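The next block holds one structure in the form of structure tokens; read it before the comments.
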Protein chains: 2
Amino acid sequence: MKNRLPSTARSLPIALLRARERVMGPIRNLLSDVDLTEQQWRVLRVVQETAGIDPTEIADQACLLLPSLTRILQKLDEKGLISRERDKVDRRRQIIRITAAGEKIIEANIAASIAIVDRTREKMGEERYEALLDLLNDLDEIEL
Amino acid sequence: MKNRLPSTARSLPIALLRARERVMGPIRNLLSDVDLTEQQWRVLRVVQETAGIDPTEIADQACLLLPSLTRILQKLDEKGLISRERDKVDRRRQIIRITAAGEKIIEANIAASIAIVDRTREKMGEERYEALLDLLNDLDEIEL
DNA sequence: CAAAAAAGCTACACATGTTAACCACAAGAG
DNA sequence: CTCTTGTGGTTAACATGTGTAGCTTTTTTG
């Protein structure tokens, strides 16, 4: 009765953050070598995954607000990693695509990134790892 | 063979981020009403959890770099939510404590915060929810 | 004691978060 | 057809956070 607060380890948001930092820390180091921020990398991954995606959808999938995304897309465009095109049907809309250079950057870094995550998978065990991913995706789909 | 990349939904860092945003979004709204950022709240929770903690330990538990933490502690100090004291044994060190006002802020917001998380727990089911927390804590303890 | 290490702080450059205002185009109502 | 409303996206401005380097003070160690 003295303390009804959940310990931070049993606080879902904090536990999610700590787990993420554990995995993301090493990956951030990788990315800084090729001068990409974590967010830029995330956007690039999302764009690569869904060719012809529009900014609103990217923002949603990459968990970014549109104004932040606008700036990030400008940076990625400057770097030649994505291309932007106006939708001919709805001319408010933009169509974003990854360029060959963008694909190349992903190619060059995804292996090391996967290797880091794979070490985690091995230490956790395949089943627990997959179970974790399933639970995370469930959580993401909750309360739409 | 055409595409060896994991979909972003099966990418552990991205899945962790999306799940976190889902839960944290509503909580951030709460906090902005009392003029606290997410990080300030996190620091406050950590300080409350471990009275007499020092900045290095806080930074570790709250997933912040020391320079960021320094500023956050200054802000929290200005607001009167924490107190700082020099350690008499090792005078390089500082001892951080939550103040009565700080406890009060937590009291005033933790209920709504827990309510948000509880809705998630109900939708996921108790067991799956607890399993998720266990897996996250495991992940955090990996690769020390 | 001198040198190395640890705990923090400061400063700086840059990226992101956040809100509001704004522009161009689209879609509906009358 | 035009007026209003809605949508997609950008810009601006400011707060905050990130990341690196260098500095001070105090401790520890050779």
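Each chain gets a letter, A, B and so on, in the order its sequence line appears, and its residues count up from 1. Quick caveat, the model's predicted, so the values are computed rather than measured.
Put simply, B:K75 has a side-chain N or O that comes within less than 4.0 Å of OP1 or OP2 on D:dT16. Listed pair B:S68 / D:dT16 fails the phosphate criterion, with no side-chain N or O lying under 4.0 Å from OP1 or OP2.
Atom CD1 in A:I96 sits roughly 13 Å away from atom C1' in D:dT10 (whole-Å rounding). If you take CZ of B:R28 and P of C:dT19, they are 10 Å apart, rounded to a whole angstrom. Atom CD of A:E78 and atom P of C:dC14 are 13 Å apart (whole Å). The interatomic distance linking B:I58 (CD1) with C:dA7 (P) rounds to 14 Å, in whole Å. Atoms CD1 (A:I53) and P (D:dG8) sit 14 Å apart, rounded to a whole Å. A:K88 has its NZ atom 18 Å from the C1' atom of D:dG8, to the nearest Å. We find that CE of B:M24 is positioned 12 Å from P of D:dG17, with the value rounded to whole Å. Summarising the geometry, the separation between CG on B:D90 and C1' on C:dA5 is reported as 12 Å, rounded to the nearest angstrom.
At a threshold of 4.5 Å between side-chain heavy atoms, the hydrophobic network of Ile, Leu, Val, Met, Phe, Trp and Tyr places A:L31 and A:I114 in one connected group.
Remark: side-chain polar atoms of A:N137 are paired, donor with acceptor, to backbone N or O of A:L133 under 3.5 angstrom. Listed for the B:R20 side chain is a donor-acceptor partner under 3.5 Å among the backbone atoms of A:P13. Checked by atom type and distance alone, the side chain of B:T8 never pairs as donor or acceptor with a backbone atom of A:V46 at under 3.5 Å. For the pair A:R42 (side chain) and A:A62 (backbone), a donor-acceptor distance under 3.5 Å is present.
By the 4.0 Å N-to-carboxylate-O rule, A:D140 lies too far from B:R18 to be salt-bridged with it. Between B:E141 and A:R22, none of the side-chain N atoms (NZ, or NE/NH1/NH2) sits under 4.0 Å from a carboxylate O, so this pair counts as no salt bridge. A salt bridge between A:R84 and A:D54 is absent, with no side-chain N of the basic residue lying under 4.0 Å from a carboxylate O of the acidic one. Using a cutoff of 4.0 Å between basic side-chain nitrogens and carboxylate oxygens, B:E49 and B:R45 are not scored as salt-bridged.
For A:R92 against C:dA26, no side-chain N or O and base N or O form a donor-acceptor pair under 3.5 Å.
For the contact set between residues 31-44 of chain A and DNA chain D, defined by any heavy atom under 4.0 Å, there are no members.
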Strictly under 3.5 Å: I want the nitrogen or oxygen pairs between protein and nucleotides 9-12 of chain C, one per line.
{"from": "C:dC9", "atom 1": "OP1", "to": "B:R84", "atom 2": "NH2", "distance (Å)": "2.9"}
{"from": "C:dC9", "atom 1": "OP1", "to": "B:Q94", "atom 2": "NE2", "distance (Å)": "2.6"}
{"from": "C:dC9", "atom 1": "OP2", "to": "B:T70", "atom 2": "OG1", "distance (Å)": "3.0"}
{"from": "C:dT10", "atom 1": "OP2", "to": "B:Q74", "atom 2": "NE2", "distance (Å)": "2.7"}

